2 protein chains.
Amino acid sequence: MRPGVSPDIFPPRGHEAKRLSIVDAAAGVFCREGFAGANIDLIAAEAGVSRQTVYNHHGDKEKLFIAVVRDLTERCNTGIFATIATFPDQPGDLEADLIGFAVRLNQNCICNRDGKFLRKLIQTEGERYPELFAEWREQGPGRTWPAIAARFARLAYGGHLVIDDPDVAARQFLGLVNAELQTTFMLGGTPREDEVVQSATNGVRTFLRAFGKRPSAASAKKQTALANA
Amino acid sequence: MRPGVSPDIFPPRGHEAKRLSIVDAAAGVFCREGFAGANIDLIAAEAGVSRQTVYNHHGDKEKLFIAVVRDLTERCNTGIFATIATFPDQPGDLEADLIGFAVRLNQNCICNRDGKFLRKLIQTEGERYPELFAEWREQGPGRTWPAIAARFARLAYGGHLVIDDPDVAARQFLGLVNAELQTTFMLGGTPREDEVVQSATNGVRTFLRAFGKRPSAASAKKQTALANA
DNA sequence: GACGATTTGGACAAGGCTGTCTAAATTTGT
DNA sequence: ACAAATTTAGACAGCCTTGTCCAAATCGTC
């Protein structure tokens with residue numbers, strides 16, 4: 001009550017901890033059961049909290065759902081940007097470096113709990129909350145894709161790759177390294193690590209066959225011709 | 001009752017027509033609302049049928065859902081195989097032919113009503129009906145992917161492509177030509193035709209850069225064509 | 001036109017869920 | 001240890017949904 005004492009974050013710590021555990025439990029239940037099928041009692045039970053506490057924190061089911069998506073988007077985004085920071089700028093072995101990057105991206109951002117949940121919620125309820133998922137689109141793909149594209153552009157500028165349109169190359173890179181995981185993703189499964197590595201390896205090899213500097217030292221003029229194109 | 005009179009298909013025609021319209025309406029509602037949120041009254045209304053008729057035909061909600069998935073799987077599969085039959089075996093302009101194939105595959109099998117619905121139901125309810133979607137997996141990707149791979153193997157055997165593993169190449173082909181449509185698919189949208197063509201064009205160009213015959217000083221006309229690409 | 005099968009609309013019970021309210025128990029900061 | 005805030009358990013009303021039942025209307029065929 002006294003002025004000047006913890007002006008904003010008044011409810012100390014157990015409060016926020018409970019909020020977190022509620023959002024976490026809700027994410028799991030919304031994913032498993034869908035918005036309509038999600039049961040507040042079940043969410044409360046999985047969060048280790050009474051139902052009333054859920055309502056105290058989040059008001060109603062819809063507000064809780066929105067909080068879940070916001071939280072997941074934010075956490076996934078920070079993960080993705082942290083991983084993009086590990087993109088190989090000064091490649092030693094470009095193939096190995098790109099495979100490593102692709103594997104990190106998958107394991108840290110796409111196949112982990114938050115990534116799986118966010119993807120499923122977008123697919124399942126995306127049409128029901130257009131403005132919420134438009135926000136995700138701006139904050140997610142709208143910012144991460146150009147960031148990855150910029151990294152590829154830099155590799156091309158450094159002479160390590162031959163790229164016409166970096167945006168297209170970035171999207172195709174993601175399509176290639178995930179090409180073998182599509183069915184698993186569709187059914188909501190989590191690919192094993194060796195499957196991720198396999199898909200990334202095949203994808204990067206093809207990517208480099210298309211965009212890598214031609215190793216055919218036979219004719220140097222062909223290289224320059226392709227580089228100009 | 002007399003022997004030899006319409007032994008199997010006894011219920012004449014309006015019956016089957018109603019069954020169809022119920023399954024169609026149910027597909028739409030299940031997709032929009034999810035299994036839990038789907039309302040039998042709404043399905044009946046959209047089918048132009050009374051609720052009791054829905055129960056007469058399909059017993060209960062779960063059986064109706066299973067019938068929907070079976071129907072969609074079957075229809076999508078026939079569409080996919082029909083499209084695979086148009087794969088270019090004797091390519092004139094390989095790039096144009098592959099782009100055309102990719103666009104047909106998208107428009108006839110992936111972006112059409114059945115394809116969109118089936119994809120969404122798999123993503124949304126796949127985990128709830130493991131054996132049902134295992135069946136889909138065998139009948140769908142399990143049969144169509146090898147069929148496409150065989151077509152690529154044939155092109156490689158004919159000297160039109162340089163492919164190490166046709167299965168990998170087929171999956172990467174699909175990943176590439178759909179690379180630019182991922183976000184739209186995620187949110188349940190339908191890409192415009194020009195977006196499909198654009199993604200297919202970019203994807204096929206990259207695919208051919210990776211798997212196309214190297215313009216190894218063989219024919220000058222091919223070289224210039226690729227240089228322009 | 002007549003007959004049997006199908007469809008219809010409406011009523012109905014049983015059950016589940018959301019969101020609110022209360023009073024008691026518990027935690028938190030000082 | 002105290003006081004305020006938070007959490008809890010339980011009850012509750014209101015609403016919606018599924019699946020069943022039944023009598024009347026309709027359809028399709030002979």
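Chain identifiers are assigned alphabetically (A, B, ...) following the order of the sequence lines, protein sequences preceding nucleic acid strands; residue numbering begins at 1 within each chain. These numbers were taken from a predicted model, which means no experiment stands behind them.
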Quiz prompt | D/dT8 OP1/OP2 closer than 4.0 Å to side-chain N/O of A/T53 | solution = yes
Quiz item: Quick one: do B/R205 and B/E95 make a salt bridge, cutoff under 4.0 Å?
Solution: yes
Exercise. Rounded off to whole Å, could you give me the NZ-to-C1' distance for the B/K61 and C/dG15 pair?
Key: 14 Å
Quiz prompt | Check: B/F35 main-chain N/O paired with B/K61 side-chain donor or acceptor under 3.5 Å | solution = yes
Quiz item: Any donor and acceptor pair, going by atom type alone, linking the side chain of B/E135 with main-chain N or O of B/L132 inside 3.5 Å?
Solution: no
Practice problem: Take the protein atom CG of B/D41 and the nucleotide atom C1' of D/dT17, then report the distance between them rounded to whole Å. | Solution: 8 Å
Quiz item: Any sub-3.5 Å donor-acceptor pair from A/T206's side-chain atoms to A/N202's backbone N or O?
Solution: yes
Quiz item: CG of A/N56 versus P of C/dT20: gap in Å, rounded?
Solution: 10 Å
Quiz item: Rounded to the Å, how far apart are B/K63 NZ and D/dT18 P?
Solution: 15 Å
Exercise. Tell me which of A/A36 and A/Q52 sits closer to the 5' end of DNA chain C, going by the nucleotide each one is nearest to.
Key: A/A36
Exercise. Would you indicate which nucleotide in C/dG9, C/dT20, D/dG19 comes nearest to any side-chain atom of B/R51?
Key: D/dG19
Practice problem: Tell me whether the OP1 or OP2 atom of C/dG16 has a side-chain N or O from A/N39 closer than 4.0 Å. | Solution: no
Quiz item: When we call it a touch if two heavy atoms are under 4.0 Å apart, what does A/A44 touch: a base, just sugar-phosphate, or nothing?
Solution: nothing
Practice problem: With heavy atoms under 4.0 Å as the rule, sort B/H58 into base, sugar-phosphate or nothing. | Solution: nothing
Quiz item: Rounded to the Å, how far apart are B/E16 CD and C/dT7 C1'?
Solution: 16 Å
Quiz item: Please give, in whole Å, the distance from D/dT6 P to A/K18 NZ?
Solution: 13 Å
Practice problem: Starting at atom CZ of B/R19, determine the distance to atom C1' of C/dA5, rounded to an integer number of angstrom. | Solution: 19 Å
Practice problem: For C/dT6, take OP1 and OP2 only and decide whether either is under 4.0 Å from a side-chain N or O of B/H57. | Solution: no
Exercise. Please determine, for the side chain of A/D60, which listed nucleotide (C/dG19, C/dT8, D/dG19) has the closest atom?
Key: C/dG19
Quiz item: Whole Å only: how far is the CD1 atom of A/I22 from the P atom of D/dT6?
Solution: 13 Å
Quiz prompt | Short side-chain to backbone donor-acceptor contact, A/N178 and A/L181, under 3.5 Å | solution = no
Exercise. Map B/G59 and A/S50 onto DNA chain D by nearest heavy atom, then report which one ends up closer to the 5' terminus.
Key: A/S50
